[in-house]
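Working notes, structure below.
Worth saying up front: this structure is predicted, and the values here are computed from it rather than measured.
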Amino acid sequence: MNDRPDVLSRLEQLGRRQPSTLTEDRLASIELRVMTATLQQTDPSRSWSRRAMPIVVSAAAALVLFVVVFAATDRSNGDVTVSSADGVVLEFPDGSTVDAQSGDAVPEGVVIRVTGEVVVGSDRFGPGRYRVVAGDLEPIVSVDSSTSTSTVAVTVPTDTSSTPIRTTTTTTNVTTTTRPPTTTTAPTRIVRQPVRTTTTMPTSTMPTSTMPTTSVVDATVPTRPTTTTTVQARPTTTTSTTPTTTRRAGP
Amino acid sequence: VSVASSEDLDDATLAARAVTEPELFTVLFRRHVADVHRLIRRRTGSDALADDLTALTFERCWSALPRFEPTRSSLRPWLFRIATHAVASHYRSEGRRQRREHLAAAREVPMTVNESTSSDPPGEWALLVALSMLGERHQQVLSLRFLADLTTDEAAEAMQVSRNHFAVLQYRALTALRHSLGQLEGETT
């Protein structure tokens, strides 16, 4: 037989024992803690923020999700739409060319070659110049056909959401010798693009809001002496270039 | 309504009005804090832990006050149930080794003994450890019945069970405690 008292009597004995009395300072400390917690729970602004927090978090998550989905969708639609296709030829990366129609989407890497004068966005440029477009592209809004030739090279970034907008600045001084065309009845529609030396500037050096969507290259575009639309030969150009990187619009 | 003028109000009235008048909760606190602290102190054997768990008990009481139904239970047994739940939760969150160390440290500071009881009953430390190792419901039953100065009816009311049901729970809890205590004292001897 166990000589220890039974569990029941030990419990009763424990229940009869009086712990040390709660002193005033400890009582005040407990009361302070309780009342502080009580006030915090009844604070309307606190309860509002507590209720609003899930809403704010959900909204932020939805916004992030929207941006991600939109960017993914926008990537497939990152083409330039041709608004006016008078005298515009599209040259695809594989070398094929096609006459642009109004409303055509210009995919990434396509070179747009324009006869005469063209307005891209708010900039008008025409004979004797070509333009390198990088980053956010605006559609061609008008084409003024003439006998001179201009080239618009379009580079569409593959991922406009993750890749910062790049400003491509041509630092090449191109000296061209243009041969007069042998015929004047048909303007040259395709012009070989001169060697371009581009320098990609970091995005951080320029605020995005002020970044131009296009950058103008002051260069004389050589014209072809023939009327062939698929001329592959380079024009007779003498180019003094100090390139740092050579950038070609590609897919 | 000033706090002084509300001293005469009963618990149910105070509890109902304290939901919208937080200052009246002070009256409830001062009315019951000593009893709650005594119960927790008996369970834990530690003044500091008893202070912490007493504060936690009243914080939970305040949060649950809108759900308090005076028709189902008086405030005092309801409060004791919150207290025993706080103690059981505390021990559940501790590991067994930590629990023993804590109670062993508490053993170094003996309680004040009533004149009618003998000094330092044998095996009090083992009893507290064994009690803390029971399931929460068994802990609550034994604490409410033997350590909270509640009658069987009041303890049953606190547990929101019938008197007979409470008797069954108490029997099972005592059996479990006896088993746990036997194991514990078998280990220590």
Side-chain angles (χ1 to χ4, degrees), chain A residues 1-70, chain B residues 18 20 22-23 25-26 29-30 33-34 37-45 47-48 50-52 54-63 109-114 116-118 120-124 126-128 130-131 142-143 145-149 170 174-175 177-182 185:
Chain A
M1 184 72 182
N2 193 349
D3 57 349
R4 292 191 179 94
D6 183 62
V7 168
L8 189 59
S9 62
R10 290 166 72 174
L11 273 174
E12 290 172 343
Q13 199 171 15
L14 181 63
R16 284 195 295 270
R17 291 169 65 80
Q18 290 294 325
S20 54
T21 55
L22 193 57
T23 58
E24 284 297 321
D25 55 341
R26 284 166 50 207
L27 178 61
S29 172
I30 295 172
E31 184 171 355
L32 180 64
R33 287 173 53 183
V34 171
M35 294 310 154
T36 303
T38 302
L39 289 176
Q40 285 178 346
Q41 290 181 23
T42 54
D43 185 2
S45 61
R46 186 180 175 87
S47 61
W48 180 88
S49 62
R50 203 176 278 178
R51 284 196 302 270
M53 186 58 70
I55 299 172
V56 172
V57 170
S58 301
L63 182 63
V64 169
L65 185 64
F66 173 78
V67 168
V68 170
V69 170
F70 178 77
Chain B
T20 54
E23 62 275 10
F25 187 67
T26 312
F29 171 82
R30 291 175 183 165
V33 65
H37 188 274
R38 187 182 306 114
L39 165 63
I40 297 176
R41 176 65 173 81
R42 282 172 178 159
R43 275 297 314 274
T44 61
D47 284 336
D51 291 357
D52 288 343
T54 300
L56 181 64
T57 297
F58 278 96
E59 288 174 22
R60 290 181 177 176
C61 171
W62 168 254
S63 300
V109 185
M111 301 183 195
T112 307
V113 182
N114 268 356
S116 59
T117 60
S118 61
D120 196 17
E124 182 181 289
L127 183 64
L128 289 176
L131 192 56
L142 296 179
S143 298
R145 177 65 186 85
F146 296 104
L147 306 183
D149 302 325
Q170 179 180 320
L174 282 172
T175 304
L177 180 63
R178 197 172 287 117
H179 178 72
S180 175
L181 196 57
E185 291 178 338

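Contacts of T57(B) with chain A are absent, with no heavy-atom separation under 4.5 Å from either backbone or side chain. Contact of F29(B) with chain A is made through the side chain alone, with heavy-atom distances under 4.5 Å. Of the atoms belonging to L39(B), not a single heavy atom falls under 4.5 Å from chain A.
Between R41(B) and L22(A), the closest side-chain pair of non-hydrogen atoms is not below 4.5 Å. Side chains of R178(B) and D6(A) form a contact here, defined as non-hydrogen atoms less than 4.5 Å apart. Side-chain contact check for V34(A) versus V33(B): every heavy-atom pair is 4.5 Å or farther apart.
Residues satisfying the side chain to side chain contact (heavy atoms under 4.5 Å, CB included) test with T23(A), not counting sequence neighbours, are D25(A), R26(A). For E59(B), there are no salt bridge (Lys or Arg N to Asp or Glu O under 4.0 Å) partners two or more places apart in sequence or in a different chain.
With I30(A) as reference, T54(B) is the one residue of D52(B), T54(B), L56(B) to meet the side-chain contact (heavy atoms from CB on, under 4.5 Å) rule.
Here the straight-line distance linking atom CE of M35(A) with atom OG1 of T26(B) works out to 3.5 Å at 0.5 Å rounding. Rounded to the nearest 0.5 angstrom, F146(B) CZ and L14(A) CG are separated by 11.0 Å. Taking CG from L128(B) and CZ from R10(A), the interatomic distance works out to 10.0 Å, rounded to the nearest 0.5 Å. Taken to the nearest 0.5 Å, the CG atom of L8(A) stands 8.5 Å off from the CZ atom of R145(B).
Residues E31(A) and R30(B) approach most closely at OE2-NH2, 2.9 Å, considering heavy atoms. Closest non-hydrogen pair, L11(A) versus L147(B), comes out as O-CD2, 4.1 Å.
The residue among S143(B), A50(B), S63(B), A34(B) with the most heavy atom pairs within less than 4.5 Å of chain A is S63(B).
Side-chain N or O atoms of R33(A) include none that pairs as donor or acceptor with a backbone N or O of A55(B) at under 3.5 Å.
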